[in-house]
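Numbers restart at 1 for each chain; the letters A, B, ... are given by sequence-line order, proteins then strands. Just so it is clear, the structure is predicted and the values come from calculations on it, not from any experiment.
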Amino acid sequence: MKSPLMLIALAASAVAAPTMTDRITPEEIAARRTTTPLATLPQPVAGDEAKVARPAGQSLIQQSDVLNDGIHWTLVPKGAVLHTPATFANRVGAKPLGTLLSWTEFLTVNRNWLFIEEVSMAQAAGKQPIPPSRPEAWGKLGKVVIAVHLGGPISVRPEPATPVASAK
Amino acid sequence: MKAHLLLGLLLCSRALAAGEGYVNFIRQIQQDTGVVWSMPVTPKGESASPLTLESKGALFQLWTIEQAATKDYLLDQKLVGAYLPSASLRITTGDPYSRVPRTRADQPFTVTYDVAGLLAGTGIPEAATKVLMEHHGKSYAPGSNTLPAATVLAGTPISSAFIGTNGTATLTFPATSLKVADPTVANGEEHFVIHALSDGTLSQTQLATAFVQILPVASGTIAGVTPGQKIRYNAPPLTVTLKDLYPSSYTWLQVYPGQPQLNTQGVKILGSELVLDQDRPHSDIIPVSSYDSVFPDDGTYTIELLTRTPFGIDRLHHITVEVDRKLEVRAQLGGLDS
């Protein structure tokens with residue numbers, strides 16, 4: 001029988017007229033917030049703040065390469081542009097002018113000068129080389145080549161240089 | 001060891017990203033290799049990341065770029081990893097508004113956190129035993145009602161504390177903590193963030209964030225009559241000045257016989273009512289006239305300015321007047337000379 005009684009009580013409280021008060025004063029608010037609830041938990045000491053990294057000074061635009069076709073622009077992560085023919089050099093690393101499009105929209109309207117190269121995560125991390133045949137093919141395409149992984153542009157780190165054996 | 005990540009990312013979590021003229025981007029930054037992947041996104045919805053999660057985890061960032069100003073805003077970021085603690089935060093207020101948690105400067109709100117994956121014992125790295133919770137706050141610039149989260153979270157916190165146990169707990173904040181000379185007019189945001197402790201290899205340490213919008217307490221005045229003024233003929237026109245009315249509120253003038261008494265129900269003055277359902281406070285000036293019908297008899301009356309919000313009814317101003325319409329003829333009847 002508790003449930004119906006509780007429902008009746010809730011319904012009664014819901015329709016009850018709200019209490020009217022005079023506008024609160026600054027002093028009354030100040031009196032309410034004399035301490036912070038976080039003070040009940042263990043407090044950090046000087047230097048503990050250094051153990052966390054805050055999102056200050058980040059900029060998506062500065063962390064990206066801008067592609068611009070003269071009307072639209074979009075962003076890809078720095079390192080995602082694998083090949084830029086001289087013909088289209090002015091379209092890579094350009095100024096963000098015009099209408100901003102998502103990567104998918106931008107690719108759709110600029111397939112005539114963009115080519116996407118699907119890379120693996122190991123290739124993006126520089127742990128596995130991109131086959132030499134690919135850069136050769138890019139050179140013949142005459143298009144700007146963007147590295148993608150599962151449809152999204154991805155940065156590609158340079159493959160670590162092969163250690164040179166020391167001469168004895 | 002690698003684990004597959006299934007992460008639901010809720011886009012457009014803030015009003016800033018919801019409108020026309022903004023384009024959203026999600027970046028996933030692998031903490032082991034530094035590889036940056038731009039996730040193809042739809043304007044709104046949830047998506048699971050198909051990438052493999054490396055041992056040090058991945059940082060997910062939700063960005064939006066404002067077309068007109070070519071300005072980028074980091075809306076949210078979250079560090080996720082198989083060997084990292086996980087956390088979530090939720091803020092509850094007395095306002096049922098659903099777009100963002102919001103409340104009034106004098107009202108309490110609660111912060112519920114849930115932490116998992118912390119280890120206990122000896123010889124365990126500090127980063128595995130506790131997380132750091134921070135409370136940040138910042139006032140809006142005049143005329144604005146939004147702040148980039150990164151701007152708020154980059155500053156010195158109002159307070160902070162370590163959480164060293166797994167599980168859910170709730171903290172109750174009795175009123176705003178925004179630092180302003182008059183806390184009744186505080187207007188800004190309070191952000192809460194839970195950080196993992198970095199061993200120096202993490203570019204960002206944010207595990208969870210939540211924020212609440214703080215709105216000022218309304219104020220108002222009735223002008224056109226003075227306390228104790230006698231109203232003999234037509235009631236004088238009134239000017240109601242309203243400042244910072246709560247975005248979801250109903251404001252009106254009422255009149256009742258007698259001296260001021262809180263919780264007295266009176267007669268509403270037609271033309272004085274103002275209904276709001278919007279995303280920011282509102283200030284206004286309302287002229288009121290032709291309200292003689294609220295004074296049916298001679299006597300003392302109280303005029304009150306009231307506003308109803310999700311938190312109750314506030315009396316912003318009241319004035320008591322005397323209505324005296326008795327017609328007294330003072331004349332002297334002189335003798336008639338015959």
Legend entry - Heavy-atom pair count under 4.5 Å with chain B, highest-scoring of Leu38(A), Leu60(A), Leu100(A): Leu60(A)
Legend entry - Heavy-atom proximity to chain A below 4.5 Å, by part of Ala186(B): neither
Legend entry - Carboxylate-amine/guanidinium contact Arg23(A) Asp314(B), below 4.0 Å: no
Legend entry - Contacting region of Leu101(A) [heavy-atom separation from chain B under 4.5 Å]: backbone
Inset, instruction - Find the distance between CD (Gln30(B)) and CD1 (Ile154(A)) and round it off to the nearest 0.5 Å. - result: 7.5 Å
Legend entry - Residue part contacting chain A, namely of Ala218(B), when any heavy atom lies under 4.5 Å: backbone
Inset, instruction - Heavy atoms only, distances under 4.5 angstrom: which of Gln265(B), Met133(B), Arg27(B), His135(B) has the most pairs with chain A? Name it, please. - result: Arg27(B)
Inset, instruction - Would you mind checking which part of Phe192(B) comes under 4.5 Å of any heavy atom in chain A, side chain (CB onward), backbone (N, CA, C, O), both or neither? - result: neither
Legend entry - Shortest non-hydrogen separation from Asn263(B) to Met20(A) and the atoms involved: OD1-N, 2.8 Å
Inset, instruction - Name the member of Ala127(B), Gly155(B), Ser159(B) that forms the most heavy-atom pairs with chain A at distances under 4.5 Å. - result: Ser159(B)
Inset, instruction - Heavy-atom distances under 4.5 Å only: say whether Arg157(A) touches chain B with side chain, backbone, both or neither. - result: side chain
Legend entry - Close side-chain approach of Thr70(B) to Lys95(A), heavy-atom, < 4.5 Å: no
Legend entry - Structural part of Leu306(B) lying under 4.5 Å from a heavy atom of chain A: side chain
Legend entry - Options Val185(B), Thr176(B), Leu316(B), ranked by heavy-atom pairs under 4.5 Å with chain A, top entry: Thr176(B)
Inset, instruction - With the side chain counted from C-beta on, respond yes when Leu197(B) and Val52(A) share a heavy-atom pair under 4.5 Å apart, and no when they do not. - result: yes
Inset, instruction - Taking all non-hydrogen atoms of both residues into account, name the closest pair between Ala161(B) and Gln43(A) and its distance. - result: CB-NE2, 3.7 Å
Legend entry - Lys179(B), NZ atom: more than 12 neighbouring heavy atoms under 6.0 Å: no
Inset, instruction - Using a cut-off of 6.0 Å, state whether more than 12 heavy atoms not belonging to Lys138(B) lie near its atom NZ. - result: no
Legend entry - Sidechain-backbone polar pair: Asp106(B) side chain, Ile29(A) backbone, donor-acceptor under 3.5 Å: no
Inset, instruction - May I ask you to test the Gln123(A)-Val35(B) pair for a side-chain heavy-atom distance under 4.5 Å? - result: no
Inset, instruction - Could you pull out the closest heavy-atom pair between Arg33(A) and Leu178(B), with the gap in Å? - result: NH1-O, 3.1 Å
Legend entry - Heavy-atom proximity to chain B below 4.5 Å, by part of Gln63(A): both
Legend entry - Thr21(A) and Arg315(B), any side-chain heavy atoms less than 4.5 Å apart: no
Legend entry - Validation row: Val23(B), Trp103(A) side chains within 4.5 angstrom (heavy atoms): no
Legend entry - Part of Thr99(A) lying under 4.5 Å from any heavy atom of chain B: both
Legend entry - Side chain / backbone / both / neither for Ser219(B) at chain A, heavy atoms under 4.5 Å: both
Inset, instruction - State whether the side chain of Trp37(B) and the backbone N or O of Ser155(A) hold a donor-acceptor pair below 3.5 Å, judged by distance alone. - result: no
Inset, instruction - Test side chain to side chain contact (heavy atoms under 4.5 Å, CB included) on Ile61(A) and Ile65(B) and set out the steps. - result: CA-CA 9 Å; Ile61(A) 295 172; Ile65(B) 297 181; 4.1 Å; yes
Legend entry - Straight-line distance of Leu171(B) CG to Leu41(A) CG, nearest 0.5 Å: 6.0 Å
Legend entry - Contact leader toward chain A among Asp182(B), Val217(B), Thr264(B), where contacts are heavy-atom pairs under 4.5 Å: Val217(B)
Legend entry - Nearest non-hydrogen partners of Ile24(A) and Thr184(B), listed with the distance: O-CG2, 3.7 Å
Legend entry - Proximal component of Ser59(A), with respect to chain B [non-hydrogen, under 4.5 Å]: both
Legend entry - Contact check, side chains of Leu75(A) and Asp72(B), non-hydrogen atoms, under 4.5 Å: no
Legend entry - Sub-4.5 Å side-chain heavy-atom contact between Pro37(A) and Thr172(B): no
Inset, instruction - Sort Val76(A) into side chain, backbone, both or neither according to what part of it lies under 4.5 angstrom from a heavy atom of chain B. - result: backbone
Inset, instruction - Using modelled atom types only, decide if a donor and an acceptor are shared between the side chain of Arg32(A) and the backbone of Gln107(B) within a distance under 3.5 Å. - result: no
